[in-house]
Structure formats: structure tokens, C-alpha cells
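These numbers come from a predicted model, not from an experiment. All chains are named by letter (A, B, ...) in the order of the sequence lines, taking the proteins before the strands, and each is independently numbered beginning at 1.
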There are 2 protein chains.
Amino acid sequence: MARTTGSHAGITGPKIRQTALRLFAQRGYAAVSMRMIAAEVGVQAGALYNYTPDKQSLLVDLMRGHLEALLAAAVPAKGDPLAQLEQFVSFHIRFHADRPDEVFIAYMELRNLEPANFTEIEALRRRYEDRLEKILHDGAAAGVFEVTDSKIVTLAIIAMLTGVNTWFRDGGRLSLDEVVAQYWDMVRKAVGA
Amino acid sequence: MARTTGSHAGITGPKIRQTALRLFAQRGYAAVSMRMIAAEVGVQAGALYNYTPDKQSLLVDLMRGHLEALLAAAVPAKGDPLAQLEQFVSFHIRFHADRPDEVFIAYMELRNLEPANFTEIEALRRRYEDRLEKILHDGAAAGVFEVTDSKIVTLAIIAMLTGVNTWFRDGGRLSLDEVVAQYWDMVRKAVGA
DNA sequence: CAAATTAATGAACATCCGTTCAAAAGCAAA
DNA sequence: TTTGCTTTTGAACGGATGTTCATTAATTTG
């Protein structure tokens, strides 16, 4: 046997990325073999190398794709700092809740990146954090927030918001709207607004 | 060759646990082989099996040890809810900052636990979370906190506090005392106290 | 319909994996 | 010093790992 009937790069390629994403998130990068991915796609392991130069690139591409989508979607808000902060909180929770697997990978598999890849991915994440820090810094300068160390507050808020992903499930006790409302309430109070 | 000069279970045993802890935290459970651990301990892979029945037990024992130490150290505080909450925040940050590798493993390697082990470890973590929830619930009942959903607030605070471990380094810009003070400020405001 | 291109197979590569175990050597007690 | 216990070696087990590549079949192009 060789090429199979109905095989197309436009179908197999995305399937491989989706499957790798799901398996990496479920079991961890190191615990997933190329043969596992291939089996779920319905293909032999060798075929994966028509779509990725190696396993590491599969991981890096997923991470980069996620973080670039995050940066593209998180357009800096207009309006006063309080409105900007509210929009950031709402956006962060909703965007992350929509992509649990991507978020999981981007936070948990950093140590499996080769140094050059780690640097690149970390820079992308940093750019996102800077967006929040700017809001807090501007708000503090304008006297709207009680924030003396905007770096710490940035990291604290992001950790808190991203933590939603560890427990939130669609169809659970709370709707996403309710979650957003509750977290916004906590964040607003925490920054003294 | 066989038994080596100066070899003792009282030395090799702890060394194995320490090395496994460090390597699991640095590279991840699945990416660490028994031969790697053995090499760093200065022993052949077979010798590890005098100290653990298998690799999985090495991981579970490290997690259980950490969580049991956490529960033993986190004695329920006396005093009013506000003082209890302050003590919890301070304790959590300090205890976790002291044990970055244990914390990392206990949060990141859950998916590498066999189902029965996962259930056991998850129950221990839940017992710890319940300590904070009780404080928040009591404080809300006493009218000291503005907290309507104590479960959500519990998870949000724990995520925020544990997030310290992702960036805090001894000898960095901030001392642990300063970190504790800043986070306590945020938590106090967030619960409306 | 023929030729060119695309997409997959399946075997092979060297290496690593967790784990077992008989044999050997150091140590402690008599 | 001899005996018995403790601790480790080193080889071996079957199987899994990431990756390469000649071959072949399906599809697209002309």
C-alpha cells in the first residue's frame, strides 16, 4: 500500500495539529509518541513528517499559534483605565475558557522547549502581560487604582484569571457570564477602584 | 562489582527521593528516566528498585509527602476571620516559596497519576482548599467579608497566591515579606474587608 | 488517456525505556 | 574470623522511541 484513497494534505494537516494539541494537553508532550498521534489521525507515523520537520516543531507551532491569536484578539482597549481593566478581565477569561487545551500546553510544556524556542514563546507571553501592566500603570498614574507595584499586581491578576481554567466547565454551576462578573468584582476591589 | 564501599540505605534512599524530585520538577515526570535518576545518584538503575517498587510510586510518594506536610503545617488559625485569612495568605506564600519543586510537581504531574493515585492526591489538595473556604464562609456569615460565592473566591485566591512561585526568586527585587504584604493587601481588598 | 505530482506505506535504523534477577562484594554481629 | 545480612552491579528482557526513505498508489494536470 501507499497513498490511500481520499487522502489530502488539507485534511490530514489540520487533523494532525488538532490531535497533537489534544494529546499533548491530556497526557503531556513527553508522554505522547508520534505513533500515538499518527494512530489517532489514522495514518502511519512516517506520514507525520510530511507536515512537521520533527516533534518539537509540532509543539512550538501550537504554542506560537495560540499566543499570536491571543495577542491579535487582545486589542488594547479604549476608554478610561477602569473600563480597560474590565474589558481585559472579561476578554482573558472568555478567550482562555474557549481554548483550554492551548492554554494548558502554553503554560505547562514550556520546560519541554529547546532554549531558542523557549525564548521566543516567553517573549510572546511577556508582550501579553505588558498589555495588562500598562493598564494598571496608567490607572495608578491617573489616581484611579491603588497600585504601587504594577508588575506584581499584573502577575497576581493573570494567575487568578487563568486559574479559572482549572475548574470551569461548560454547563456547570456557573455560566461564563457569572464567572466573569465575580472575577471582575474581585479584581476591581483588589486594585482599589 | 557488586555492593560498593560506603553504600547505605540511609544515604541512598533520601538521595534518590531528592534527585527524583528535582528532575521531575525540571524536566517533567515522563521525560525523566530511571537511568537519569540513577546516574545523578551515582548508582545503576537496578539499585533504585531497592527503594521504590516502580517509577509511579516515586512520584506519588513525593506528592503525598508534600501535601501531608502542607496539611500538617497549615494548622487552622485562631482569632477572627480577618486574622485567620491574613495568616493563611502569609502561610501559603511562605510555605510554597520554600518548596518550589514540590509545588510544581504537585500541580503539574497530576495527569501522570494512575486513577487511584489521582483520587488520593486530589482528596488531599481538596482538604487544604477547604481550610480557606471555611475561613471565607465564616467571615461572610459574620459580615466581615463581602463574599457571596466562597468556592469561587477560594479558588481565585489560591491560584493568585500559588502564582507567586512562577516568578519569585530569593534575592530578587522583592523580599518575601514585601511579597506577603502586597498579596495580603490585594486579598484583603478583594474580599471587601 | 498519459504524465506529473502528491500523499501515504511499512520496514528499517540505532537508541532508549521500565523492570527483573543471579551474582558479587561490603558491612555488622557473633 | 566466620556467618549472615545488606546493598549494588551488570546483563538481560521485550518493547517503545523519533526519524528516514525507497516504494507505491491515488489524484491532478495537460
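- Across the protein-nucleic acid pair, B:N112 atom CG and C:dG18 atom C1' stand 15 Å apart, rounded to whole Å.
- Ion pairing of A:D149 with B:R173 is present here, as a side-chain N (NZ or NE/NH1/NH2) and a carboxylate O approach within less than 4.0 Å.
- Nearest to the side chain of B:S33, among C:dA8, C:dC17, D:dT19, sits C:dC17.
- Taking the ring centre of B:F24 as origin, the terminal cationic atom of B:K55 falls outside the region bounded by 6.0 Å and 45° from the ring axis.
- Counting any heavy atom pair closer than 4.0 Å across all strands shown, B:V41 reaches no nucleic acid atom.
- Cation-pi geometry between A:R125 and A:Y107 is met: the NZ or CZ atom falls under 6.0 Å from the ring centre, inside 45° of the normal.
- A:R3 contributes no side-chain N or O that forms a donor-acceptor pair with the base of D:dT24 under 3.5 Å.
- Both tests do not hold together for A:R126 against A:Y128: distance to the six-membered ring centre under 6.0 Å, angle to the ring axis within 45°.
- Under the 3.5 Å distance criterion, with hydrogens and angles disregarded, no donor-acceptor pair is assigned to the side chains of B:D185 and B:Q182.
- Annotation: of the two residues near DNA chain C, B:A31 and A:G10, the 5′-most nearest-nucleotide partner is A:G10.
- Going from atom CG of A:L58 over to atom P of D:dG18 covers 11 Å, rounded to whole Å.
- For A:Y51 and C:dA8, the shortest distance from a side-chain N or O to OP1 or OP2 is below 4.0 Å.
- Between C:dA8 and A:T12, a contact under 4.0 Å exists linking OP1 or OP2 to a side-chain N or O.
- Rounded to a whole Å, the CE atom of A:M36 is 17 Å from the C1' atom of D:dT19.
- Among the nucleotides D:dT19, C:dA8, C:dC27, the one closest to any side-chain atom of A:D54 is D:dT19.
- A:A9 comes within contact range of the sugar-phosphate backbone alone, with a heavy-atom separation under 4.0 Å but no base atom that close.
- Rounded to an integer number of Å, the gap from B:N50 CG to C:dA23 P is 17 Å.
- In this structure, A:K15 atom NZ and C:dA8 atom C1' are separated by 13 Å, rounded to whole Å.
- Remark: C1' of C:dT20 and CE of B:M34 are 12 Å apart, rounded to the nearest angstrom.
- Here C:dT20 is the nucleotide among C:dT20, D:dG18, D:dT24 with the atom lying nearest to any side-chain atom of B:Y49.
- Listed nucleotides D:dA25, C:dG26, D:dT19 differ in distance to A:A2; the shortest reach to its side chain belongs to D:dA25.
- A residue-by-residue look at A:R35 and A:Q44 shows that A:Q44 has its nearest nucleotide of DNA chain C further toward the 5' end.
- To the nearest angstrom, P of C:dG18 lies 14 Å from CD of B:E114.
- Here C:dT20 presents its C1' atom at 17 Å from NZ of B:K55, a figure rounded to the nearest Å.
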